[in-house]
Amino acid sequence: MEDRYGREIDYMRISITDHCNLKCHYCMPDEIAFLSGQEMLTDEEIVCICRAAVKTGIRKFKITGGEPLVRLGCAELIGEIKRLPGVEQVTLTTNGVLLEEWLPLLLENGLDAVNVSLDTLCEDVYEKVTTKRELPAVLKGIHAAVEAGIPVKINCVLQKDVNDSEWESLIHLAKEQPVDVRFIEMMPIGYGKRCQSVSNIEVLERLRCCYPQMTLDTRIHGNGPAIYYRIPGYQGSIGFISAIHGKFCCHCNRIRLTARGELKPCLCYGDGIDLRKILQSSANVEQKLQDAMHRAVWQKPEAHCFETPEEITEFRKMIQIGG
Ligand code: SAM
Ligand code: SF4
């Protein structure tokens with residue numbers, strides 16, 4: 001499905017819960033009013049939305065949250081989406097704490113790839129960022145996914161004076177294992193606004209200094225806007241997702257579904273279409289869903305406005321949107 005600016009929209013991020021087993025301070029530091037079970041879309045509703053989405057040209061789905069693996073039945077839901085005719089890929093973004101436990105069932109249900117969020121390899125810093133001491137569990141989850149042979153990406157958000165000195169130890173993960181390590185610039189959404197972010201330009205410069213033989217990696221690694229580099233001797237690539245210092249909106253291919261059923265054309269703006277209302281209507285639900293998706297894609301703005309924060313109209317926390 002093409003939007004007004006000629007971008008092909010074929011990718012949907014689905015947040016299946018706003019609950020989480022961690023409390024990353026840039027995402028969910030204080031208790032927020034979590035959705036109740038009744039406020040969240042049911043599995044049947046999510047599958048119904050995906051069925052309509054496929055008919056409008058969405059081919060790839062990313063399951064996110066909150067932490068998607070705390071929702072009971074996450075693996076089976078992935079299986080149901082994967083089995084829909086026309087679906088090419090279903091992948092997962094997780095903090096990795098429960099990954100080892102759920103991996104066999106996720107694989108059985110056809111999970112294609114996993115992104116694991118990991119900002120540090122130091123147990124104390126991990127606790128500072130997430131409030132929990134779960135680093136060993138995350139590393140085990142990553143190892144299990146690599147052993148299982150699915151593509152694994154590690155997503156790191158660097159913050160000044162928190163974990164910015166760790167970029168080098170983090171990229172070593174890509175030397176030791178066939179995983180891509182990606183640096184995501186902090187976005188001024190939710191609590192991210194009050195965090196001191198690190199520019200990817202800075203990280204790339206340091207990387208170039210240490211690894212002058214590094215080359216641009218033009219192979220396709222996934223569905224996102226990351227730019228990748230290869231370091232000789234490394235099994236995985238190093239990626240940069242630079243929403244602030246490398247605005248990639250002209251290549252945006254996605255729409256987002258929140259756990260309560262709102263379809264969001266862009267992360268930066270609060271606008272969305274309430275699909276739950278449509279699901280509760282009595283007739284032509286699938287056609288109405290398809291129409292709503294066309295509307296959302298048509299309403300997709302040309303670009304985010306993170307560089308002028310006063311124009312951002314999304315006031316929810318990242319955990320309520322899905323990242
Ligand atoms: N719980 C899962 C996880 O941590 O991967 C999925 C949801 S989480 C909201 C998705 C991603 O958003 C994580 O990689 C997290 O680091 C990132 N994130 C959260 N707040 C952010 C912000 N303000 N700017 C950039 N990335 C952010
Ligand atoms: Fe939870 Fe992921 Fe947000 Fe951390 S980034 S609080 S793991 S949803």
Side-chain angles (χ1 to χ4, degrees), residues 13-32 34-35 61-71 74 78 91-99 102 106 113-120 125-135 137-138 141-142 145 152-160 162-163 166 170 180-200 203 222 224-226 239-246 248 254 256-259 264 267-268 304 306 309 312 314-323:
R13 290 179 71 95
I14 304 178
S15 172
I16 62 169
T17 179
D18 65 344
H19 293 236
C20 189
N21 47 359
L22 299 181
K23 281 174 77 175
C24 301
H25 68 86
Y26 53 79
C27 182
M28 198 268 281
D30 310 315
E31 292 303 334
I32 54 164
F34 292 112
L35 297 177
F61 294 91
K62 169 83 75 198
I63 306 304
T64 178
E67 172 49 40
L69 293 178
V70 302
R71 174 164 167 152
C74 172
I78 285 173
T91 56
L92 176 77
T93 289
T94 170
N95 60 33
V97 173
L98 298 173
L99 183 57
W102 287 107
L106 289 164
V114 65
N115 292 357
V116 181
S117 303
L118 179 62
D119 296 344
T120 171
V125 179
Y126 188 90
E127 186 178 13
K128 193 173 166 193
V129 174
T130 69
T131 75
K132 301 275 171 67
R133 293 186 81 80
E134 294 284 10
L135 179 58
V138 180
I142 293 170
V152 179
K153 295 192 178 87
I154 296 174
N155 289 336
C156 323
V157 178
L158 294 179
Q159 294 173 74
K160 278 215 162 54
V162 177
N163 60 343
E166 282 200 62
L170 285 161
D180 291 339
V181 174
R182 313 189 306 172
F183 295 102
I184 302 182
E185 284 186 334
M186 181 79 73
M187 290 178 264
I189 293 284
Y191 297 108
K193 277 185 199 143
R194 64 187 196 197
C195 295
Q196 272 226 298
S197 59
V198 177
S199 151
N200 268 349
V203 185
F240 292 88
I241 301 180
S242 314
I244 313 296
H245 296 93
F248 42 68
R254 62 198 56 196
R256 293 177 158 80
L257 180 67
T258 67
K264 272 180 69 62
L267 186 59
C268 182
H304 70 62
F306 290 153
I312 298 173
E314 179 53 83
F315 300 110
R316 284 171 291 187
K317 315 297 174 234
M318 201 62 112
I319 198 165
Q320 297 169 307
I321 308 167

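Quantities reported herein were computed from a predicted structural model and do not represent experimental measurements. In listed order, ligands and their atoms are each counted from 1.
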Taken in chain and number order and not counting sequence neighbours, the residues that satisfy ring pair (Phe, Tyr, Trp, His ring centres under 6.0 Å) with Phe61 are none
**Q.** Non-neighbouring partners of Phe240 that pass ring pair (Phe, Tyr, Trp, His ring centres under 6.0 Å), sequence neighbours left out
**A.**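 Only Phe183, Tyr229 meet the ring pair (Phe, Tyr, Trp, His ring centres under 6.0 Å) criterion with Phe240.
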Interatomic distance, CD1@Ile78 vs CD1@Ile14, rounded to 0.5 Å, equals 9.5 Å
Next item on the list: Supply the atom-to-atom distance Ile319 CD1 to Ser15 OG, rounded to the nearest 0.5 angstrom.
Entry: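 If we round to the nearest 0.5 Å, Ile319:CD1 and Ser15:OG are 8.5 Å apart.
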- Message: Would Lys132 pass as a cation-pi partner of Tyr126, given that its NZ or CZ must be under 6.0 Å from the six-membered ring centre and within 45 degrees of the axis?
- Response: no
**Request:** State whether the side chain of Asn200 and the backbone N or O of Ile184 hold a donor-acceptor pair below 3.5 Å, judged by distance alone.
**Result:** no
ask   = Name the one of Val97, Thr120, Leu118 that satisfies side chain to side chain contact (heavy atoms under 4.5 Å, CB included) with Leu135?
value =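 Checked Val97, Thr120, Leu118 against Leu135; only one passes side chain to side chain contact (heavy atoms under 4.5 Å, CB included): Leu118.
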Given a cut-off of 2.8 Å, the protein N, O or S atoms lying below it from atom 4 (Fe) of ligand 2 are Cys24 SG
Close N/O pairs between ligand 1 and protein, under 3.5 Å:
residue	atom	partner	partner atom	Å
ligand 1	1 (N)	Gly66	O	3.0
ligand 1	1 (N)	Glu67	OE1	3.2
ligand 1	4 (O)	Ser117	OG	3.3
ligand 1	5 (O)	Thr94	O	3.3
ligand 1	5 (O)	Ser117	OG	2.5
ligand 1	14 (O)	Ser117	OG	2.7
ligand 1	16 (O)	Tyr26	OH	3.0
ligand 1	23 (N)	Met187	O	3.0
ligand 1	24 (N)	Met187	N	2.8

**Asked** Looking only at heavy atoms, which two atoms of His304 and Ala243 are closest? And how far apart?
**Response**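 Closest approach of His304 to Ala243: NE2-O, 2.9 Å.
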Closest heavy-atom pair, Cys24 versus Thr130, reported as atoms and distance to 0.1 Å, is SG-CG2, 3.9 Å
Just by distance, no angles: are the side chains of Glu67 and Asn21 close enough, under 3.5 Å, to form a donor-acceptor pair? no
inquiry  = In this structure, does ligand 2 have an atom that sits under 4.0 Å from one of the heavy atoms of Gly66?
reply    = yes
